[in-house]
Amino acid sequence: MYYFAFASNLSRKQMAERAPQARARFSAVLPNYKLVFAGWSRSWNGAVASIRQSRGDRVLGGVYELSEQDMEKLARYEGDGYSVTRVVVFPDTGAALEAVTLVQKGQKDEGKPSPEYLAVIKQGYNDWGLI
């Protein structure tokens, strides 16, 4: 299955720890969504990333190919606050592709992420050549 990663799961190091069989495939764009920081994470000491529908916006990310087992591990790691959601992304090739991603449940208030969390996200964007 294809998994659309954004934010900290773009980090190839982090994904290797969370989903060891995952294989990075290509960068992609998720149209009509925006990246938000919401809720609170004790482990990150701040708000964490999610996506919300937003007409005209887009989220840059990467697509991993992973097994059902690794998707289950990843979902367990993210916890009950996230749900697996089907999305349509557009890889570098331009052809639409169905993938799954993890989205925060409910409409949590937006907040500020920690500098450490932002550093992992930045590294992930660098890993994929997105910045």
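Around NZ of Lys108, the count of heavy atoms belonging to other residues, nucleotides or ligands within 6.0 Å exceeds 12. Atom CZ of Arg52 is surrounded by more than 12 heavy atoms from other residues, nucleotides or ligands within 6.0 Å.
No path of Ile, Leu, Val, Met, Phe, Trp and Tyr side chains, each step under 4.5 Å between heavy atoms, connects Phe4 with Val88, placing them in separate hydrophobic clusters.
With sequence neighbours excluded, the residues satisfying side-chain hydrogen bond (donor to acceptor under 3.5 Å, both in side chains) with Glu98 are Arg86. With sequence neighbours excluded, the residues forming a side chain to side chain contact (heavy atoms under 4.5 Å, CB included) with Ala49 are Phe6, Ala7, Leu35, Phe37, Tyr117, listed by chain and number. For Glu78, the side-chain hydrogen bond (donor to acceptor under 3.5 Å, both in side chains) test picks out Asn9, Arg18, with sequence neighbours left out. Evaluation of the side chain to side chain contact (heavy atoms under 4.5 Å, CB included) rule for Lys105 yields Ser83 as partners, not counting sequence neighbours. Under the side chain to side chain contact (heavy atoms under 4.5 Å, CB included) criterion, Glu17 pairs with Lys13, sequence neighbours left out.
The backbone N or O of Trp44 sits less than 3.5 Å from a side-chain atom of Ser114, completing a donor-acceptor pair. The main-chain N or O of Ala22 is found under 3.5 Å from a side-chain atom of Asp70 such that the two form a donor-acceptor pair. A donor-acceptor pair is defined here as one N or O able to donate and one able to accept, closer than 3.5 Å; such a pair exists between the side chain of Asp127 and the backbone of Arg12. Ser11 places a side-chain N or O within donor-acceptor distance of the main-chain N or O of Gln14, the cut-off being under 3.5 Å.
In this structure the side chain of Val59 never reaches within 4.5 angstrom of the side chain of Val29, judged on heavy atoms. Between Tyr3 and Leu102 there is a side-chain heavy-atom pair separated by less than 4.5 Å.
Ring geometry, Tyr2 versus Phe26: the interplanar angle falls from 30° to 60°, so the pair is classed tilted.
Applying the side chain to side chain donor-acceptor pair (under 3.5 Å) test to pairs two or more places apart or on separate chains, those with a residue in residues 19-29 are Arg25-Glu65, Ser27-Asp92.
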